[in-house]
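Okay, structure first, notes after.
In the text below, chain A, chain B and the rest are named by the order of the sequence lines, each starting its count at 1.
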Amino acid sequence: MSELNKAMIEQYRNSFLSEVEANVEEGEWVKMCMQCGVCSGSCPLGKHWAHPPQEIFMMIRAGKREEVLTSDSMWMCTSCYNCIVRCPRQLPITHIMHGLATYAKKLGLTPKNQPTAKFAEIFWNNMMKKGRVNELKLGLSLYFKDGFGPGIKEALRNKDLGMKMMKAKRMAAGEFFGGHGVKDVSGLQKMIKKAQELEDARMKKFDEPEASQDG
Amino acid sequence: MTEVVATNQTILVVGGGISGMTAALEAAETGAQVVLVEKRPYLGGRVSQLYKYFPKLCHPTCGLEINQRRAKMNPNLTIVTGAEVSKLEGEAGNYTATVKLSPTYVNDNCTACGECAKAVEAEFDDEYNYGLSKRKGAYLPHVMAHPMKYVLDPAIIGTDDAQKAKDACKYDAIDLDDKEKEIQFPVGAVVWATGWKPYDAAKIQPYGYDRFANVVTNVEFERMADPKGPTGGKILRPSDGKEAKNVAFIQCAGSRDRNHLYHCSRICCMASLKQTHYVVDAYGDDAQVSIYYIDIRAIDRFEDFYAEVRAMDNVKFIKSKVASITRGENDNPCLNGVDTEGYHRYATEHDLVVLATGMEPSVSVDSFPVDVEINREGFIEPAEKNGGVFAAGCASDALDVNRAVQSATGAALKAIQVVNRVARAEG
Ligand SMILES: Cc1cc2nc3c(=O)[nH]c(=O)nc-3n(C[C@H](O)[C@H](O)[C@H](O)COP(=O)(O)OP(=O)(O)OC[C@H]3O[C@@H](n4cnc5c(N)ncnc54)[C@H](O)[C@@H]3O)c2cc1C
Ligand code: SF4
Ligand code: SF4
Ligand code: SF4
Ligand code: SF4
């Protein structure tokens, strides 16, 4: 168990809801949920998750900390926004889902080999290099996420798609060497670093060495 | 047309639904002079379009009849139908009301013999049945209409039908040259009782009210259950006219929803419980009713009514706000969602779906002819700045008849106090 996780358990002993409100993006909205079920019924991915959003919100209120934070549910959200536009209470459900995922990762509770979590990490690292996503490298990293052998297989399986993307100029082979980026990459990186520092300082109040890990 | 005689001790009641009628009668029976202005050609408002009343399951016509009799007997009450207040200027104790009178083309000679209706041909959507049936261009709004007078649809004026109607009338009751008029008169206080309208169900896109024939609203369902209604009281599917025995109700359709109406409409839970009786009365053991709800709000004394319906074997309660309706087999609406008791995903087909649509104020915020305090939901709040204008019934909140009538009596009292003050001041 990560030190931060231990500290958080200590801090919010009996109220997982307060923990979520204080630490999860848009977490203060959770208590506004009236358990109507529209989000769960509207979520195109819902069938494939352990717990639909409505249930996650109820579990938070019921104090099911471990179950929520180690769940794969929030990692399955595709940001389609169906839930947000229909929620009668206008909860920012999508953002809460991503907030929960981020928080779970920070605490080191993400399920092992959760593909979307891995994707998110690869995406982030890829984007941070140049300030823009390098589609070619992103694709390659994804193929090889499970090692070299399966990567080649996956790349071959998707080669037609890749060719099409190149034709449509959505991906360029030249991207492999350097690739395009934003004008002021170092500025962007500085900005993100500053944001990271602020977030770390916020977490610092829990006085933890691990809090300075990337989130 | 009735002559309007008024002074600044007169009380103007705007809206002749159950609330406006009550306020007008209560005030008139204490001796105050009252002018009641109603937009429709007849009194009674929305309750005249209900089949039965909860909680007693009696017929609204009964109460309306009593009120109509009280109205006829009272010399202090002047009723003006087909009229709207377009302006109200002044202050408490000293207002000038401007009222626009729509042409009715039919005068008080009308005996409701119905010959004009037989003579004309063009048909129109019958607003009394929420468009579920057609009516002629010369028509009696409904069988219990008060005043009991035929009406000519303005759309037939200038067509052959208009002349046919006039030629058919043996009582010289039809005047095709009738024009819109405006009258002005002084009043001391105003009871504002313009009531509600059903929320537009087509705006709830995932329910497909405008796409699926077998998705109807609760106000339409009242008409479908009424023997005087478009189906002769048979509960049938609009798509194929087959009996609708497996009926689902979707609660809070458009209410308690920041994308639609913020407020709880307060009557729709009870309305669906009442309408469950309609289905069970019609089909007995063959009836199958499913009520999809967030929570059932059968307030205070109505709890018993709820418990009774809940105990019926062929009624199911599903705690879930339906997420969407899709087209099932044979035009069955298919309800999709996840229930809150167990988080089970469902996709269930029914013969017919009734949307328990809520109430919104009938007058939109920006079209009030007077400056009154309007809340976020569009209802009138009591406030200093309202002066001598007092809201009654559903103009003040989403209310059932019992509460609407109570609020009307309260508003009448406040109006009486204002005109009494004027009377004392003028000695
Ligand atoms: C499906 C359904 C079922 C219901 N069943 C029941 C039930 O069983 N029991 C119960 O207690 N309640 C029931 N209700 C609630 C009931 O309908 C209301 O409480 C009642 O209609 C309120 O009466 P009102 O006079 O305030 O408004 P309304 O009935 O709306 O009357 C307002 C009147 O004002 C007129 N008007 C509007 N604007 C103007 C204007 N600008 N100038 C002049 N006149 C105007 C209108 O034409 C109308 O005649 C039900 C509601 C619904 C939706
Ligand atoms: S739609 Fe909104 S209110 Fe309803 S269960 Fe989902 S989050 Fe809660
Ligand atoms: S945004 Fe996420 S949670 Fe919401 S409906 Fe789409 S996939 Fe489901
Ligand atoms: S208008 Fe004339 S014809 Fe028509 S119902 Fe009245 S009296 Fe009869
Ligand atoms: S009365 Fe019932 S159906 Fe109507 S808005 Fe309130 S909770 Fe929903």
Side-chain angles (χ1 to χ4, degrees), chain A residues 17 26 28-64 67-68 70-97 100, chain B residues 199 201 203-208 248-265 268-269 290-297 317-326 333-349 353 355-358 376-377:
Chain A
L17 178 63
E26 306 282 8
E28 66 279 8
W29 276 94
V30 169
K31 63 172 174 295
M32 285 297 291
C33 170
M34 64 170 164
Q35 289 295 301
C36 71
V38 162
C39 53
S40 306
S42 306
C43 179
L45 268 293
K47 311 187 191 23
H48 308 289
W49 319 356
H51 315 291
Q54 170 200 20
E55 190 180 4
I56 289 276
F57 300 154
M58 198 57 186
M59 288 163 75
I60 291 172
R61 289 158 76 164
K64 303 205 166 182
E67 265 177 79
V68 170
T70 59
S71 157
D72 73 339
S73 297
M74 53 273 195
W75 292 101
M76 301 292 281
C77 171
T78 60
S79 311
C80 75
Y81 285 80
N82 249 2
C83 52
I84 290 200
V85 297
R86 292 195 187 161
C87 171
R89 289 269 171 102
Q90 287 180 345
L91 267 77
I93 303 163
T94 316
H95 309 307
I96 305 172
M97 284 302 167
L100 282 168
Chain B
Y199 184 69
K203 287 188 190 156
I204 316 166
Q205 190 274 340
Y207 291 167
F249 291 91
I250 298 184
Q251 296 311 110
C252 306
S255 302
R256 297 175 69 188
D257 190 332
R258 288 174 176 224
N259 303 307
H260 302 284
L261 301 174
Y262 270 72
H263 58 274
C264 162
S265 293
C268 13
C269 276
S290 305
I291 300 179
Y292 294 81
Y293 70 104
I294 304 176
D295 29 48
I296 295 291
R297 296 190 167 169
F317 285 81
I318 300 109
K319 188 166 172 61
S320 167
K321 184 168 166 90
V322 172
S324 66
I325 301 180
T326 48
C334 178
L335 273 46
N336 307 287
V338 171
D339 81 48
T340 301
E341 292 167 324
Y343 304 100
H344 306 296
R345 203 161 281 279
Y346 58 83
T348 315
E349 293 192 9
V353 171
L355 303 179
T357 41
R376 183 183 59 181
E377 288 76 23

- Query: Could you state the interatomic distance from CD1 (B/Ile250) to CG (B/Leu335), rounded to the nearest 0.5 Å?
  - Reply: 4.0 Å
- Task: Working to the nearest 0.5 Å, report the span between SG of A/Cys39 and CZ of A/Arg89.
- Result: 12.5 Å
- Proximal to chain B - members of residues 78-88 of chain A, heavy-atom separation under 4.5 Å: A/Val85, A/Arg86, A/Cys87, A/Pro88
- Under 4.5 Å from any heavy atom of chain A - which part of B/Asn259: both
- What is the distance from atom CE of A/Met59 to atom CD1 of A/Ile56, rounded to the nearest 0.5 Å? 5.5 Å
- Most contact-rich option vs chain B, by heavy-atom pairs under 4.5 angstrom, among A/Lys47, A/Glu55, A/Gln90, is A/Glu55
- Query: At a heavy-atom separation under 4.5 Å, does B/Arg345 approach chain A through its side chain, its backbone, both, or neither?
  - Reply: side chain
- Residues forming a side-chain hydrogen bond (donor to acceptor under 3.5 Å, both in side chains) with A/Gln54, sequence neighbours excluded: A/Ser40, B/Thr340
- Is it true that a side-chain atom of B/Gln251 and a backbone atom of B/Asp295 form a donor plus acceptor pair closer than 3.5 Å? no
- Item | Among B/Ser320, B/Gly337, B/Ser324, B/Pro206, residue most engaged with chain A (heavy-atom pairs, under 4.5 Å) | B/Pro206
- Item | salt bridge (charged side-chain N to carboxylate O under 4.0 Å, His left out) involving A/Lys31 - partner list, sequence neighbours excluded | A/Glu21
- Task: Would you please name every residue forming a ring pair (Phe, Tyr, Trp, His ring centres under 6.0 Å) with B/Tyr292, sequence neighbours left out?
- Result: B/Tyr346, B/His350
- Message: Quick one: does any side-chain atom of B/Tyr199 pair with a main-chain N or O of B/Ile204 as donor and acceptor, under 3.5 Å?
- Response: no
